[in-house]
Amino acid sequence: MQILWETLAATGGTIAFSLLFGVPGKYYLECGLTGGIGWLLYRLMSLYTPLRATEATFLAAAAVALYSRIAAVRRRCPTTVFLIAGIFPLVPGAGIYWTVYYLVTDEIALARASGTSALKAAFAIVLAIAAAFELPRGLFRCFAPRRRH
């Protein structure tokens with residue numbers, strides 16, 4: 001039940017971030033789904049597989065990037081509309097916060113551990129997005145809406 005609430009919070013947070021980012025209202029649902037899907041996959045892989053947090057982040061970010069590309073084709077708009085909003089729940093903001101906090105409080109060992117974890121997550125997100133964007137555009141044509149004559 002906890003994962004369901006977290007996923008709903010990630011979905012709502014992504015929609016709120018979309019609003020702040022200036023995404024047109026007609027795309028809010030897809031943006032929210034993008035963030036919710038990413039968070040759900042991350043949590044399921046973190047809890048029920050032997051994957052580490054970095055690996056789970058990579059796979060969830062890849063799913064977010066792929067779904068963003070699909071939603072962009074379906075809705076005929078730029079992929080970044082969904083990708084930037086959808087990646088929001090996976091960004092290691094808390095890790096960055098704690099890294100700076102530990103640096104300020106002179107807890108260097110904790111800062112190093114927290115910072116390393118945050119950097120790994122950030123690199124995993126970047127690599128996942130890059131991998132998803134290396135796929136040819138033609139693979140996503142099947143998701144395009146049918147033209148009416």
Side-chain angles (χ1 to χ4, degrees), residues 1-75 77-140 143:
M1 193 66 172
Q2 175 74 20
I3 292 177
L4 175 64
W5 288 115
E6 289 178 10
T7 303
L8 288 173
T11 302
T14 304
I15 291 171
F17 184 75
S18 301
L19 186 131
L20 289 173
F21 189 63
V23 172
K26 62 184 177 180
Y27 302 128
Y28 287 166
L29 180 61
E30 285 92 350
C31 287
L33 286 174
T34 306
I37 287 168
W39 184 256
L40 178 64
L41 289 175
Y42 169 76
R43 290 296 288 155
L44 289 174
M45 287 185 284
S46 295
L47 293 173
Y48 301 114
T49 68
L51 297 175
R52 295 185 203 136
T54 304
E55 296 159 339
T57 301
F58 174 83
L59 293 173
V64 166
L66 290 172
Y67 184 77
S68 295
R69 290 194 68 186
I70 291 168
V73 169
R74 284 183 33 226
R75 298 295 298 230
C77 69
T79 304
T80 53
V81 168
F82 307 107
L83 180 63
I84 292 173
I87 212 72
F88 172 71
L90 298 176
V91 172
I96 295 167
Y97 169 83
W98 286 110
T99 301
V100 172
Y101 175 81
Y102 291 137
L103 283 172
V104 170
T105 59
D106 206 30
E107 298 284 345
I108 303 304
L110 291 172
R112 184 179 306 121
S114 181
T116 301
S117 177
L119 276 175
K120 285 181 183 178
F123 281 126
I125 291 168
V126 169
L127 291 175
I129 292 170
F133 274 83
E134 285 299 315
L135 296 173
R137 191 181 335 175
L139 290 177
F140 298 93
F143 297 104

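Because the structure is a prediction, the values reported are computed rather than measured.
Taken from NZ in Lys120 to CZ in Phe123, the straight-line distance is 12.0 Å, to the nearest 0.5 Å. In this structure, OG1 on Thr34 lies 6.0 Å from CD1 on Ile37, to the nearest 0.5 angstrom. Note that the CZ atom of Phe88 and the OG1 atom of Thr14 stand 6.5 Å from one another [nearest 0.5 Å]. The CG atom of Leu51 sits 11.5 Å away from the CG atom of Leu44 when rounded to the nearest 0.5 Å. Atoms OG1 and CD1, on Thr80 and Ile129 in that order, are 11.0 Å from each other to the nearest 0.5 Å. Rounded to the nearest 0.5 angstrom, Thr7 OG1 and Ile3 CD1 are separated by 7.0 Å.
Side-chain contact between Val23 and Tyr28: present, with at least one pair of heavy atoms (C-beta onward) separated by less than 4.5 Å. The shortest distance between side-chain heavy atoms of Leu90 and Ile125 falls below 4.5 Å. Between Ile87 and Val91, the closest side-chain pair of non-hydrogen atoms falls below 4.5 Å. The side-chain heavy atoms of Leu135 and Phe140, taken from C-beta on, include a pair separated by under 4.5 Å. Contact of the Ile15 side chain with the Cys31 side chain is not registered, since no non-hydrogen atoms from C-beta on lie closer than 4.5 Å. Contact of the Leu59 side chain with the Tyr42 side chain is not registered, since no non-hydrogen atoms from C-beta on lie closer than 4.5 Å.
Annotation: side-chain hydrogen bond (donor to acceptor under 3.5 Å, both in side chains) contacts involving residues 108-119, sequence neighbours excluded, comprise Thr99-Ser114. Residue pairs meeting the side-chain hydrogen bond (donor to acceptor under 3.5 Å, both in side chains) criterion with at least one partner in residues 54-67, sequence neighbours excluded, do not occur; the list is empty. Residue pairs meeting the salt bridge (Lys or Arg N to Asp or Glu O under 4.0 Å) criterion with at least one partner in residues 42-53, sequence neighbours excluded, are Glu6-Arg43. Here salt bridge (Lys or Arg N to Asp or Glu O under 4.0 Å) pairs that include residues 10-26, with residues two or more places apart or in two chains, number zero.
Shortest non-hydrogen contact noted between Ala60 and Gly38 is CB-O, 3.3 Å. Nearest heavy atom pair, residue Ala128 against residue Ala61, reads CB-CB, 3.6 Å. Shown here for Ala56 and Ser46, the closest heavy-atom pair between the two residues is CB-OG, 3.7 Å. Considering every non-hydrogen atom in both Trp39 and Ala10, the closest pair reads CB-CB, 3.6 Å.
Note that Arg69 lies in the cation-pi zone of Phe133, set by a 6.0 Å cut-off to the ring centre and a 45° limit from the axis.
By the side chain to side chain contact (heavy atoms under 4.5 Å, CB included) test, Leu4 pairs with Met1, Leu8, sequence neighbours left out. Take Glu107 and apply the salt bridge (charged side-chain N to carboxylate O under 4.0 Å, His left out) test, not counting sequence neighbours, and it matches no residue.
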### Task
May I have the step-by-step check of side-chain contact (heavy atoms from CB on, under 4.5 Å) for Tyr27 and Ser18, ending in yes or no?
CA-CA 9 Å; Tyr27 302 128; Ser18 301; over 6 Å; no
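Ring geometry for Trp98 against Tyr101 counts as perpendicular: the plane angle is over 60°, on a 0 to 90° scale with 30° as the lower cut.
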